[in-house]
2 protein chains.
Amino acid sequence: MKSQVQGQALSDLRQKSEGVASLLKHLSHPPRLLILCALAEGELSVGDLEQACGASQSSVSQFLKAMKMEGLVEARRDGKQVYYKIADQRVVKLMKSLYQIFCR
Amino acid sequence: MKSQVQGQALSDLRQKSEGVASLLKHLSHPPRLLILCALAEGELSVGDLEQACGASQSSVSQFLKAMKMEGLVEARRDGKQVYYKIADQRVVKLMKSLYQIFCR
DNA sequence: TTAATATATTATTATATCATAATATAAAGA
DNA sequence: TCTTTATATTATGATATAATAATATATTAA
């Protein structure tokens with residue numbers, strides 16, 4: 001029985017390397033990883049995310065903009081606040097995997 | 001029953017965000033992702049990896065050096081060739097997860 | 001010892017990303 | 001309308017990363 005990561009299986013990942021690498025780039029920076037950690041628990045406002053990741057308002061807003069452009073998150077305004085949540089379920093799965101691999 | 005990615009569980013990942021983000025940075029660039037894809041199948045020479053990822057000899061060597069410094073891969077010389085393999089089993093697990101999430 | 005091959009190193013330039021400051025917009029309340 | 005609060009945008013300089021070229025090292029074989 002073949003491993004998941006072998007033969008044809010892996011070449012699938014190869015074909016998708018541009019997109020997957022692009023997505024992973026958002027996770028490859030501590031404040032952005034923390035933002036997605038926090039969002040994996042549910043919807044949060046920009047201010048909440050500033051607290052969660054320790055970056056400045058401007059930085060958080062810029063990170064969220066980039067993630068939104070990539071389709072990772074989506075935004076909803078409620079009064080003065082804007083709430084973000086994860087829009088790509090693959091990101092949720094990935095966060096769970098990261099937890100399993102690095103926090104067990 | 002709690003999700004894996006909630007409460008205390010997530011704060012574990014938060015504590016480790018520097019290290020995890022640093023590891024993910026190596027995966028966040030297509031040629032490096034392809035190198036680790038290829039190595040997930042087993043040990044390969046630098047020349048093999050040049051083929052697998054399409055980057056230049058110098059680039060591949062530099063990428064491998066960085067990955068080795070981070071403990072992701074290890075090297076063994078056999079004659080003129082140097083063979084690399086994945087040294088950190090978390091990387092193998094991560095490649096399997098990436099396959100499951102992005103290639104299913 | 002010389003030549004050929006595989007890999008590593010160094011230097012350099014180009015590009016991308018990060019962090020910050022300053023300013024702008026949008027909503028709510030006085 | 002004016003102020004306050006929350007978020008977004010823009011511009012900038014600093015730093016990091018990427019890609020390339022040139023050179024160095026190590027191994028093998030002639």
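Note that the structure is predicted; figures quoted are calculated from it, not measured.
- The existence of a salt bridge linking B:Glu70 and B:Lys25 is excluded, since no basic side-chain nitrogen approaches an acidic carboxylate oxygen closer than 4.0 Å.
- Across the protein-nucleic acid pair, B:Met69 atom CE and D:dT17 atom C1' stand 13 Å apart, rounded to whole Å.
- The distance from atom OH of A:Tyr84 to atom P of D:dT7 is 9 Å, rounded to the nearest whole Å.
- By the ring pair (Phe, Tyr, Trp, His ring centres under 6.0 Å) test, A:Tyr83 is found to be paired with no residue, residues two or more places apart in sequence or in another chain being considered.
- Among the atoms of the strands shown, base atoms are found under 4.0 Å from some heavy atom of A:Ser56.
- No contact: A:Lys68 has no heavy atom under 4.0 Å from any strand.
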- Task: Please step through side chain to side chain contact (heavy atoms under 4.5 Å, CB included) for the pair B:Leu64 and B:Val82, ending with a clear verdict.
- Result: CA-CA 11 Å; B:Leu64 290 169; B:Val82 176; over 6 Å; no
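- A salt bridge links A:Lys85 with A:Glu74: the distance from a Lys NZ or Arg NE/NH1/NH2 to an Asp or Glu carboxylate oxygen falls below 4.0 Å.
- Residue A:Lys65 contributes atom NZ, which lies 11 Å from atom P of D:dA11 at whole-angstrom precision.
- The side chain of A:Arg32 places no N or O atom within less than 4.0 Å of a non-bridging phosphate oxygen (OP1 or OP2) of C:dT17.
- Under the 6.0 Å cut-off for aromatic ring centres, A:His26 and A:Phe63 do not qualify, their centroids lying 6.0 Å or more apart.
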- Message: Please evaluate residues A:Leu27 and A:Leu98 with respect to the criterion side chain to side chain contact (heavy atoms under 4.5 Å, CB included), reporting the C-alpha separation (whole Å), side-chain torsions for both, the decisive distance (0.1 Å), and the verdict.
- Response: CA-CA 10 Å; A:Leu27 302 183; A:Leu98 291 175; 4.3 Å; yes
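- With the nearest nucleotide of DNA chain D identified for both A:Gly47 and B:Ser59, A:Gly47 has the one nearer the 5' end.
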- Task: Begin with the C-alpha distance, continue with both residues' side-chain angles, and end with the deciding distance and a verdict on side chain to side chain contact (heavy atoms under 4.5 Å, CB included) for A:Leu23 and A:Asp88.
- Result: CA-CA 10 Å; A:Leu23 187 153; A:Asp88 184 337; 4.1 Å; yes
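- C:dC18 atom C1' lies 13 Å from atom CD1 of A:Ile35, rounded to whole Å.
- Looking at A:Gln62, its side chain comes within 3.5 Å of the base of C:dT20 through a donor and an acceptor atom.
- Straight-line distance from the CD atom of B:Glu50 to the P atom of D:dA19: 14 Å, rounded to whole Å.
- To the nearest angstrom, C1' of D:dA18 lies 14 Å from CD of A:Glu18.
- Taking atom CZ on A:Arg76 and atom C1' on D:dT7, their separation rounds to 15 Å, with Å as the unit.
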- Base versus backbone protein contacts along nucleotides 22-30 of chain D [heavy-atom cut-off under 4.0 Å; B, S, -]: -----BS--
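- For A:His29, a side-chain nitrogen or oxygen approaches OP1 or OP2 of C:dA19 to under 4.0 Å.
- For the pair A:Phe63 CZ and C:dA19 C1', the computed distance is 8 Å after rounding to whole Å.
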